[in-house]
Structures are given as C-alpha cells and as structure tokens.
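Per chain, numbering begins at 1; letters A, B, ... match sequence-line order.
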Amino acid sequence: MNETIFIGVAWPYANGHLHQGQVVGTFLPADIFARFHRQRGDRVLMVSGTDQHGTPVTVRAEQEGRTPQEIADEFHQSFLRSLDWLGITMDLFTTTGTENHRDVVHDIFLRLREKGDIFKDTMVMPYCPNDERFLPDRYVEGTCPNCGYEEARGDECENCDHSMDAIELINPRCKLCGTTPEPRESEHYFLRLSAYNDKVKDWVSKQEHWRPYVSSFTLGVLNAGLKDRAITRDLEWGIIVPTDDMGPEKRIYVWFENVIGYLSAAKEWAEAQGEPEAWRDFWQNRECRSYYFVGKDNIFFHTMSWPMALMAYGDADGKPMNLAYDVPANHFNNVAGRKASTSRNQAIWINDLIDRYDPDQIRYYLCATMPETSDSDFTWKDFVARNNNELVATWGNLVHRALTLTYRNFDGKVPEPGELDDRCQNLLRDIEDGLASIDEQIGLCHFRAGLATAMSLAQETNKFLDETAPWKALPDDRPSAARSLYTVLCAINGLKVAFSPYLPFSAERLHGYLGFETRLAEDGWQLIRPPAGQQLLEPQPLFAKLDVEIAEEEEERLAS
RNA sequence: GGCAGCGUAGCUCAGGGGCAGAGCAGUCGGCUCAUAAUCGACGGGUCGGAGGUUCGAAUCCUCCCGCUGCUACCA
C-alpha cells in the first residue's frame, strides 16, 4: 500500500546563512517526514530552494556594496552546505534564479491574466524624486499616525506596533537620502483573490486534520474577506513581467512568485530524471498528498494565495492541480528568549556548527524542542543537558551497554537465543506496537510525540536489561544471558528503524554495528530480528557526551 | 486596535468534561554490563484570578490579570 507524497519546504531568503529557526521550523520536520515515508517504501518528492529575490536580499547587497546576484549565489552555496551537513535529504534544492522557474512563473502569470484573475490597476506608492525610484514601505520613515512616534518605519511602527501603508506616515522621509517622497500613481498587476474567497473557504473548512492554529488563522482571514493584491512592484531585482506594456522596471513580487517554485522545482527535477512528465505524478495525480512545511508567518501564502493561484491555473489548464493536503506550520524557535532573526544577526548559524557537533545531536535537540504548538527556546545549556541526559544516557547508552556486553561474551556474534519466554516476547511486541504508534504520529506530523515514544521504548528496553541482568547470568546460566541479549539486540534493531527519520547518521552506524551489510532503508518500517550467529562490528559509542563548559563557551560566542 | 494562542511541579513542557502527568533538578535505595550511564521508590502543584454551565471543570462559557504571536515584505 505505497503512497505518493509531495513535500514542499519554505524557500529561505538569500540574505544570510541558514539558522536554527529555519531548520527546526521547516527543513527538519520535512526531512523527518520524507525519511519516514521513504523507509515505509512510499514514493516521495521533496523540493525547496533559495529565494534569491525579495527586499532583504537587495538590502544586504546595498549594505555590502555588491550585486544582489553575488549575495544570492553566496548564500545558496551556504544553504547547500548546511543542508547537506544536517542530512536534509532534498530531492532538489534549486533557486528562484533559474530560467525554468522564470518560464513557469510566466506561464502561470499569462494563464491567469487570460482568465481575468490577474488584472491591471493603479496604486499610489511613495516615490523619491531625488533617487528617482519608488520606495518599498520599509525604505520610508516618518511620524506614526497612530501614536506620534517620529521614527516609525513605513510598514510598521516599532513603538506601538501599528501596521500601515507608507503613504499614511506623517512627515515621511526617504531612508536613503532624507528627501520627502511624493505619492505617485503606479500601474501594477493585481491578483483577484477576492473572487476565490468562498472557494478557498470551502476547501479549508474540510481540512479537519490541519493544526488548529493553522485552520483558525486561515478561516479568520477568509471570514474577513480576501482583498485583491498587487503582484508587481517597481523594482530592478526580480522576475520580469512577461508583457512589455509596463516598461522594464516592473518586477513580479516575491510573495506571488516564490511559491511557484514548488511547481517549477518539480519540473526541474523531472527534467533531470530524464522523465520530463514525471512531475505530473505529484501535481495532477489525485492520489498524491502534498505537504508544505513552513513557519507561521508564511501561513497566508500556503493556505490562501498559493491554493487560489493553483485553483485558477488548474481551471485554465483544464487539469486540476493538487492543493495542499496539509500545511503543518510551526511556531518560532527563539534563541535564549529572543526572536531568531537573519537581518539582526541573532541566531544559531548552522554553518558555525559544521565539524564541531554531530548532526544527529543537533537534530535530536531541535526535534525535542520543535515549536509544534507554541514558541520554544534554544539555549545551549538545555542542548547540553538534553544531549547528556536523554540522547546519550537513554538511547546511546542502551545501545552501547548491550553491544559491548554481547561483543565481549559471545565471540562478537548475535547469540543463539533458544526459545524466547513471555517476557522477551512482550518486549518485542511492545517495540512492534511502538513502531505502529510512531508510524501514526509521524503520519500526523506529530514529530515530538513520535520521538518521545521512541525514547520511552528505549527506557523500557533498559529496564528489561536491568531485570534480566545478563551480566549476572553469564557465569552459571549462559542460555539465559544469550536469550536476554538476543532479545535486546532485536529490540534495538527495531528502535534503530524508529529513530532513523530523526537520527539518520547514528541509525545507519548502528545498522553496521549490528552486522548488517545492507542499507538501513532495506529494513522497511518494521522490526527485523538479526539472525543468530551474525557477526557484529566492534561497537563504538553512538553519541559523545558534552562537557557542561561547552554551553558556557557557546553562550559567550552568541553574546559577542 | 483586530484576530489567535499561552499561563499546569523548582525548571522545560504534555494533557484538554471522570482519581493532576512526563522529563530534568532534589532525596533515598538496587545494580555494577555501560559514556558515573542505568533501574526502582519518594517528596513536590488552589492547573493565573473571579464567576458560570454540569452529577462532575485543569478541560466548556463569560469577565479580569499577565505574557506572546500574527495583522498579508525577514522561517
């Protein structure tokens, strides 16, 4: 009963290195989900890429006196390194800078324009006569019309949190030169979201398996009513509008364009496979389920505007496009109580961790504190504590004590168990039931719960070892010790599968220590009993314990 | 301002009409295979406050207090 699963991961902006918030909020849950489904034998396509457009990229480029393309290329390479090190198994991690993406965006744009769902209108934008350019909202400063704060930004007042359009500011100033911008009419294309409000609402109302936060936020916006929204801007950085009637300085704005990357990446992947039509299995096959892993600030685009665009495109094309089956949006992971932020340079940067930690240790901590239901906090002290007290003590130590005891006393081979008694059978049944529970939990995107289930099974196996005490039985009841250790090796082999989506590197190592010469993937999602007599490899500890001082050093690095 | 969420043990959090839970930290004990890891026991809470619905409320409703997020351009 194999399934087909499409996984889209939110596209990080190329304005800084990848940080822990992006990983724990999007890439890690997506990867756990993808690995789990592959282990079950399901067909998975997981794509994402670098969003090279957008204001944050041009801001950074201007700050550094470089071109936006240089910035985008640098961070794209950085993303690839970080994702590879963490073991995030993307089928394709591309960028929004490809010709393919531009063509797909143009195709959707033109189809929706033919259909009337993209239309031309004018809007009033602040224009700086000195710099001879239209200004994005955050390039305008002035006095807040709500509270009188004089340093308010054009998109939001930092003093009273009032959000506004830049043209509402009193005494506006251009952030670049201080000149007073003038309101000037500008012609733009708009997306007719309003026409799809009811259709989107009908669809969302049926999604009873969505996280309550995602549903209630989405329905709240839909009940207020979607407004048509401009999808072009007066910019020089971005995908050009595929019509020449507006002049060359208009670009398609990122919020409309970057989500199209999910489709263009699927097409790029198919082309690379030598099967150019293979993307259809994930987009037009009704049996395929699509999941989008995003942060909570991205919910609007994934539950409303992107589904709307897909509905319209599917209509125009005559072939319905698959909408999201689920958008398991995560909350935020703060750093020592403060919001992680690329532009404020405040986060745990993944490329700083490379070669200093074991990626599974980072994956374990991030998953254990994944912000599934509310914001969570990254602290180095907690990282070290959880690593030592949970990952090393419970799971790593179970493996190490069982393997060393067996290796030293049974010729480095899986012992011959004789007949298993009830206690042994019960443990193995509990592990098998546990694999079924974790299957259900990960399937519902309850990643923390699945990890907790696996850890509690490791505890139960530790308890079994203590109660059967093979080290005591060895001198005068060798068959009992053999039975106990054989059972524990079976249990560990089942737990190896349970942990494999979470801790893929150590699971693969353990697979080797247990004497298998295959890949772990060949086990499937089940407990396989290692054959008696199978030659083990000499075991090494799965995870390193961390010195408590590391937490203090890292806290200092963070503060500096 | 609008919308949403949170407030539960010293700490981090789960639970969500039917006897208040887990991990960590603390105390005591067992074991000595294991990275001083592990296994067991114990102590510890007016479930933010006040009302209401109910046979029964941590859970549902109303109000209040405190914190947070989103509000359509930084996951």
What does the list of N/O pairs under 3.5 Å between the protein and nucleotides 2-10 of chain B look like, with a distance for each?
none

Check your understanding: A:Leu391 near the nucleic acid: base, sugar-phosphate alone, or nothing, with a heavy-atom cut-off under 4.0 Å?
Key -> nothing
Check your understanding: Pairs in or reaching into residues 218-228 of chain A: which pass side chain to side chain donor-acceptor pair (under 3.5 Å), with residues at least two apart or in two chains?
Key -> A:Ser194-A:Asp228, A:Lys201-A:Asn223, A:Thr218-A:Thr303
Check your understanding: Got a sec, which residues hit ring-ring contact (aromatic ring centres under 6.0 Å, His included) with A:Tyr127, two or more places apart in sequence or on another chain?
Key -> A:Phe134
**Study point:** Atom-to-atom span, NE2 of A:His446 to P of B:rG15 - whole angstrom
**Key:** 9 Å
Could you list the protein-to-nucleotides 41-43 of chain B atom pairs, N/O on both sides, closer than 3.5 Å?
none

Exercise for review: Scan for salt bridge (charged side-chain N to carboxylate O under 4.0 Å, His left out) pairs involving residues 475-487 of chain A, sequence neighbours excluded, and state none if there are none.
Suggested key: A:Asp421-A:Arg483
Practice item. Treating a pair as Watson-Crick (purine N1 to pyrimidine N3 plus N6-O4 or O6-N4) or G-U wobble (N1-O2 and O6-N3) with both distances under 3.5 Å, list the stems of 3 or more consecutive pairs that involve RNA chain B. Key: B:1-7 with B:65-71, B:10-13 with B:21-24, B:26-30 with B:38-42, B:48-52 with B:60-64
**Study point:** Non-neighbouring partners of A:His302 that pass ring-ring contact (aromatic ring centres under 6.0 Å, His included), sequence neighbours left out
**Key:** A:Tyr262, A:Tyr292
Atom pairs and distances, donor-acceptor, side-chain atoms in residues 406-414 of chain A, under 3.5 Å, two or more places apart:
residue  : atom : partner  : partner atom : Å
A:Thr406 : OG1  : A:Ala402 : O            : 2.7
A:Asn409 : ND2  : A:Leu405 : O            : 2.8

Review point. What does A:Pro541 touch in the nucleic acid at a heavy-atom separation under 4.0 angstrom: a base, only the sugar-phosphate, or nothing?
Key: base
Review point. Does A:Thr404 get its side chain close enough to the base of B:rC33, under 3.5 Å, for a donor-acceptor pair?
Key: no
Exercise for review: List for me each residue that meets ring-ring contact (aromatic ring centres under 6.0 Å, His included) alongside A:Phe464, sequence neighbours excluded, and say none if there are none.
Suggested key: none
Every protein N/O lying under 3.5 Å from an N/O of nucleotides 65-67 of chain B:
none

What are the atom names and distances for every N/O pair under 3.5 Å that joins the protein to nucleotides 23-30 of chain B?
residue : atom : partner  : partner atom : Å
B:rG23  : O2'  : A:Glu390 : OE2          : 3.4
B:rC24  : O3'  : A:Asn389 : ND2          : 3.3
B:rG30  : N2   : A:Asp466 : OD2          : 2.9

Check your understanding: When we call it a touch if two heavy atoms are under 4.0 Å apart, what does A:Lys463 touch: a base, just sugar-phosphate, or nothing?
Key -> sugar-phosphate
Exercise for review: Remember a base hit wins even if backbone is also touched, and classify A:Phe301 as base, sugar-phosphate or nothing at under 4.0 Å, heavy atoms.
Suggested key: sugar-phosphate
Check your understanding: With sequence neighbours left out, what residues match A:Tyr196 under ring-ring contact (aromatic ring centres under 6.0 Å, His included)?
Key -> none
